[in-house]
Amino acid sequence: MLSQLREIVEQVSKVENVNQALDIFVKQTCSAMATECCTVYLANEEMQRLELMATQGLKFKGDKIHIGFEEGLVGLVKRSAEPINLAEASKHPNFKYFKQLGEEVYHSFLGTPIIYRKQVLGVLVVQQKTPRSFSEMEVSFLVTLAAQLAVIVAHAQTQGQWLLNKKKQQSITGVGASSGVAIGEFWWDDTQPQLSEVYPASTLDIDREQEWLALAIESALSDFRKMRKKLDSDINKEALAIFDLFTHLLNDPMLRKDLKAQIQKGDRADWALRQVVESYSNRFARMSDVYLRERAQDIRELGQRLLFFLHNTEQEQHQLEEPIILVVRELTATILAALPKDKLLAVVSIEGAANSHAAILSRALGIPAVMGVSINLKDINGKTGIVDGYSGKVFISPAKSILSEYRALANEESELSKMVNEAIAQPAVTQDGSHIELMLNSGLSADTNIAINQGVDGVGLYRTEFSFLLQHRFPSEEEQIQQYSSVLNAYPDKRVVMRTLDIGGDKPLPYLPIEEDNPFLGWRGIRFTLDHPDIFLIQLRAMMRASKAHNNLSILLPMISGTRELDDALRLIHQAYKEAIKLDPSIVMPEIGIMVEVPSMLYLLPLIADKIDFVSVGTNDLTQYLLAVDRNNSRVADVYESMHPAVVMALKQIQQICAAHNIPVCVCGELAGDPIGALLLIGLGYTTLSMNTANVAKVKYLVRHAKMSQLTELADKAVVQPYGKDIYNMMLDYFEEQGLSGFVRAGKK
Ligand code: PEP
Ligand code: MG
């Protein structure tokens, strides 16, 4: 049966059209199980009914046939989420005879739910004319088939291939990449040449092609300068980093060399460009880190821009009369830059995810954005739409009631954003006088000019990996000094916490592949740098030498799991310092801290307290390691609970140990920038939080409107809750009571 199963799955997965796939599926299942009838029903949750999608053996000519969730044996399988095996179906109390299906000829019935991630998506049924009970083997076979079918169905549904509630279907869901809501007309422009449409072409005049390429590179560089200038007044520096990244890449000798070499082989410049860009972007696309994977899109965008200039196509300035909701295949920073900001209500992108540079840019511009939306472009132009950047929903020609609901929401939104930004320069002090230090997380993009965020007290986490990942080799000490100085000099009077290299895990270096079965438990962070004192010492020295102008550097060690690692790291830090002051005696020894992200440190912290100057809690990894759940695996995303009781208790414990030993402590994981998470952490006693620039104004506002006494009370209750959802819901209630629900806009769990 295993080979039959494989064969069915193989045949079905070859077919692109899902309805055809289902037809093949039911036919093959009948023949594999030697039975006369097989039917697939899919659940329409909105209508509370199961709709017949494909059958072999029942009367069905593509008409709408449906069975209510409460009706018959099929409904019972859906409700109970368990297989039902009956030799004589009509004897079962739930049996219901559906005349239009011509079922009267069948006696035996075996139905099994089609379940995907705990959700019953439908029911798979086989029926037979002769009364007989299906064997245990056959039941297992059908259950296995249903599990395979579930994956196909779930995939097709996310692709929007089945709109079960066609008339009622009002929204398409993507990924909310920039919060906020917008209402307006959709606008889609598909007039530009696409890199993906460049096909193999050779040249006899290699020199001319080389010249053509050089000219295109120059034009693109000057275009990036113009774009950067144009956007400079609108957005913060981090968002502008995309143009610095493009400039940096275009000036990269390796990329130029690769492009030239490809043309030298006889390829036409545009075809050479496509090949080189694809090989670069594939390298990023293969990385398991979501953020880095999304950099593949930046590389493609760069290629796309170069193509414009190779084709000598000056980008048209679109004359838009009214503000629009921009629909694009792939949102890019240049598309955003080319359109006047006051004409852009929102952005809907078919491809892309929440961490792409373009998504960062739209957040910086304050434009709601939804990415990964399966939308039919042909029908979209000029239609009225709603974009909900919170839920990731996009409505096309919505009903009046929905429109008025969203109009009210949009008004609330603009008031909220005005409100939080008015207070950005104010100190983050709670109503009862507790000062909270708000720091910035940075370094995840290739920004040489770090975002200058006026609202922060310094940089709480500067991730140094990115400049290592973008190169073809380890960056030199001088290159690192340059990079780090630009960050340290941007905050001359404030503390900048730079973390030493945290590669490995989900961030392998392209030039140093590490093959491991469990990379998150492997050669990662400090483990790697301690094994490579050469690389570590260069980085430490570069940081120290870069700090000489302002002496504002603190060094943070990632992934420390034991005392020996800390001792070894400290020894190397002191060695680097000795070497650095030989070159410049004015350099001051930086403060040294550790990330608490490996659970072992919860127990060791009191014992190593006198060795360190500060602690930074990495909730992203702490949650991953405490709950044994991969932070990048979407299958277990619901297990990755950032407010899991064990996580909350661990956070309380870390805070208490640090307070008892007088160690300054900051939280720099994503929880610190989340409205609910931030207030919970403050209640737990944390007074320093480090977050992405986008969250600073919101969190500051929340701090200024909260009472420490109330937050402490909430946190005291949180640490005795056995369920994470109760902690979350309790915090949600608090937000509602305080009139702050606009910051969350998500329902109870
Ligand atoms: C963390 O683990 O919470 C953290 C801030 O580090 P990173 O996300 O870079 O692993
Ligand atoms: Mg971490």
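In each ligand, atom 1 is the first atom listed, and ligand 1 is the first ligand listed.
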Can you sort out which atoms of ligand 1 are near M595, meaning under 4.0 Å from one of its heavy atoms?
4 (C), 5 (C), 6 (O)
Do L557 and I573 make a side-chain contact, defined as non-hydrogen atoms from C-beta onward lying under 4.5 Å apart?
yes
So if I apply the side chain to side chain contact (heavy atoms under 4.5 Å, CB included) rule between R499 and each of E465, M543, M559, which one comes out positive?
E465
With atoms numbered from 1 as shown, which atoms in ligand 1 lie under 4.0 angstrom from a non-hydrogen atom of R524?
10 (O)
Considering only heavy atoms, does R463 approach ligand 1 within less than 4.0 Å through its side chain, its backbone, both, or neither?
side chain
Any heavy atom of E465 sitting closer than 4.0 Å to ligand 1?
no
The atoms of ligand 1 lying under 4.0 Å from a heavy atom of G618, numbered in the order shown, are 1 (C), 2 (O), 3 (O)
Give the ring-plane orientation class for F528 versus H532, where under 30° counts as parallel, over 60° as perpendicular and anything between as tilted.
tilted
With a 4.0 Å cut-off on heavy atoms, is Q624 in contact with ligand 1?
no
Between L461 and ligand 1, which part of the residue brings a heavy atom under 4.0 Å of the ligand: side chain, backbone, both or neither?
side chain
Would S642 and E670 satisfy side chain to side chain donor-acceptor pair (under 3.5 Å), going step by step from the backbone distance to the final call?
CA-CA 9 Å; S642 54; E670 287 301 296; over 6 Å; no
How wide is the angle at the Mg ion (ligand 2) between OE1 in E597 and OD2 in D621, to the nearest 10°?
90°
Considering distance alone, does some N or O of D621 sit under 3.5 Å from an N or O of ligand 1?
yes
Give the C-alpha distance, both sets of side-chain angles, the deciding distance and a yes or no for side chain to side chain donor-acceptor pair (under 3.5 Å) between E641 and Y723.
CA-CA 10 Å; E641 254 187 284; Y723 298 102; over 6 Å; no
Is there a heavy atom of M559 sitting under 4.0 angstrom from any atom of ligand 1?
no
